[in-house]
Amino acid sequence: ASALLHLANKNEENRLAEGYFSFVLSGIGLVIVAVGLIVYIAPMAAASGIPETKAFLNGVDIPGIFNLRTFICKVIGISLTIAAGAPIGREGPMVHIGASVASLVSDAWGRLAKGGQVWRGAGGNHQKRDLVSCGVAAGISAAFRAPIGGVLFAQEDIVSIWSNYLTWKSFVCAMAATLVSSYLNSSDFTNLGTWRQESLVAANENEGEEEAWKWVDLPAFIILGILGGVFMSIFTYASVIIAKYRLGCKWLKQDWQKILEVCFCLLSVLTLELFIPLVILDLIHWVIVPLCQALGHSAKMCLLSVGISM
């Protein structure tokens, strides 16, 4: 939204090109730093980290997957990438980050408890797996503000060995993560210690407002759902083809080539993200509004009908 406002302000001043290049170049600069951290410092911090976490919880030892360097590069990398405007989610990386925090706490506690030695033996490994499982639940809970959903995700999708005792431990961790996340999202950092109630609780956000939808809107919702399924199938099929191509691609073997690939993808995404709204606005101005006015409605009513307030 801030990017579109920035672009709109530049457009009003007839400096569309300046607004476009300033936003795109700043985004590319952020993503170069993020990808550089992954490529040159912590390769294990790449992607979501969910497959590696699941492999660890199923008995596969992957060196470096939860160490401090991977954790720091993961946090910085995902923060910079999202800030750059890349179309990626934070949910998968939050699973890896939560598991990394749990693993680091387990290792630190093991060194303190055993005089400098990490937990060893079946008991130590079992406790570390439990902590990592709790970290997975906490990561999902922090991302969605859904502690029960975090526990269910860890139980159904990630962890293969579960118990009632682990359920309670992971639920406590998930609740703590949700409270901390809600506090950070609701805090007014210009006046630390205050809370914005509307951000603290997600339920009943539309209470007292006009009805969000009507029964006559259901056919449109059904059509949108069908179209979403069709486009998602096409997207998944295209993703599989692209992934197979990248595996056998010879010009993606060098580290600088990987960085260049990400920059090109981000350039394409930001260009579409910034110019498609302008095309839609022109379409509304030159096509929809005249048609609406021809039917006897005012220009203000035409704009309100497509969700644009004046």
Side-chain angles (χ1 to χ4, degrees), residues 38 42-79 81-82 88-185 202:
I38 305 302
M44 294 306 299
S48 68
I50 292 180
E52 292 81 1
T53 303
K54 185 181 295 187
F56 171 81
L57 292 174
N58 283 274
V60 180
D61 185 16
I62 304 177
I65 185 61
F66 294 139
N67 61 22
L68 183 61
R69 181 173 59 183
T70 300
F71 167 72
I72 294 175
C73 291
K74 188 81 170 188
V75 172
I76 297 176
I78 189 63
S79 301
T81 306
I82 293 177
I88 63 173
R90 67 185 186 279
E91 292 78 15
M94 285 296 292
V95 171
H96 189 191
I97 291 171
S100 298
V101 171
S103 177
L104 292 171
V105 170
S106 174
D107 291 342
W109 181 259
R111 291 187 179 94
L112 291 174
K114 298 295 183 180
Q117 298 294 325
V118 182
W119 283 341
R120 301 295 183 183
N125 291 332
H126 172 70
Q127 293 178 11
K128 185 172 183 177
R129 285 198 305 270
D130 283 355
L131 283 176
V132 172
S133 303
C134 294
V136 170
I140 288 294
S141 301
F144 291 102
R145 289 192 292 175
I148 297 178
V151 174
L152 292 177
F153 176 82
Q155 181 182 9
E156 296 176 359
D157 293 343
I158 304 295
V159 184
S160 58
I161 301 175
W162 197 265
S163 65
N164 292 332
Y165 182 58
L166 182 57
T167 300
W168 286 108
K169 289 198 298 184
S170 60
F171 181 71
V172 171
C173 291
M175 280 298 303
T178 302
L179 289 175
V180 172
S181 176
S182 298
Y183 174 75
L184 294 177
N185 288 329

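In this text the structure is predicted, and so the values were computed from the model without any measurement.
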- So do the side chains of Val101 and Phe71 get within less than 4.5 Å of each other, counting heavy atoms only? yes

- Query: Any side-chain heavy atom of Asp107 sitting closer than 4.5 Å to one from Lys128?
  - Reply: yes

- Side-chain donor or acceptor of Thr178 paired with backbone N/O of Ala174 under 3.5 Å: yes

- Query: With a cut-off of 6.0 Å (strictly less than), are more than 12 heavy atoms of other residues, nucleotides or ligands near CD1 of Ile148?
  - Reply: no

- Closest non-hydrogen contact found for Leu57 with Ser133 is CD2-OG, 3.8 Å

- Message: What verdict does the side-chain contact (heavy atoms from CB on, under 4.5 Å) test give for Asp130 and Ser170, after you've listed the backbone C-alpha separation in whole Å, the side-chain angles of each residue and the deciding distance to 0.1 Å?
- Response: CA-CA 8 Å; Asp130 283 355; Ser170 60; over 6 Å; no

- Taking only residues two or more places apart in sequence, or in another chain, which ones meet Asp157 in a side chain to side chain contact (heavy atoms under 4.5 Å, CB included)? Phe153

- Closest non-hydrogen contact found for Ala177 with Ala138 is CB-O, 3.4 Å

- Message: On a heavy-atom basis, which atom in Ala42 and which in Thr70 lie closest, and how many Å separate them?
- Response: CB-CA, 4.0 Å

N/O donor to acceptor pairs below 3.5 angstrom from side-chain atoms of residues 88-100, sequence neighbours left out:
residue: Arg90; atom: NH2; partner: Ala143; partner atom: O; Å: 2.9
residue: His96; atom: ND1; partner: Lys74; partner atom: NZ; Å: 3.3
residue: His96; atom: NE2; partner: Ile65; partner atom: O; Å: 2.9
residue: Ser100; atom: OG; partner: His96; partner atom: O; Å: 2.8

- Atom OG in Ser160, atom CD in Gln155: separation rounded to 0.5 Å? 12.0 Å

- Query: Thr167 and Trp162: which non-hydrogen atoms are nearest, and at how many Å?
  - Reply: OG1-NE1, 2.6 Å

- Message: Please give me the minimum heavy-atom distance between Leu104 and Asn67, naming the atom from each residue.
- Response: CD2-C, 4.1 Å

- Of all heavy-atom pairs between Met175 and Pro147, which one has the smallest distance, and what is that distance? SD-CG, 3.4 Å

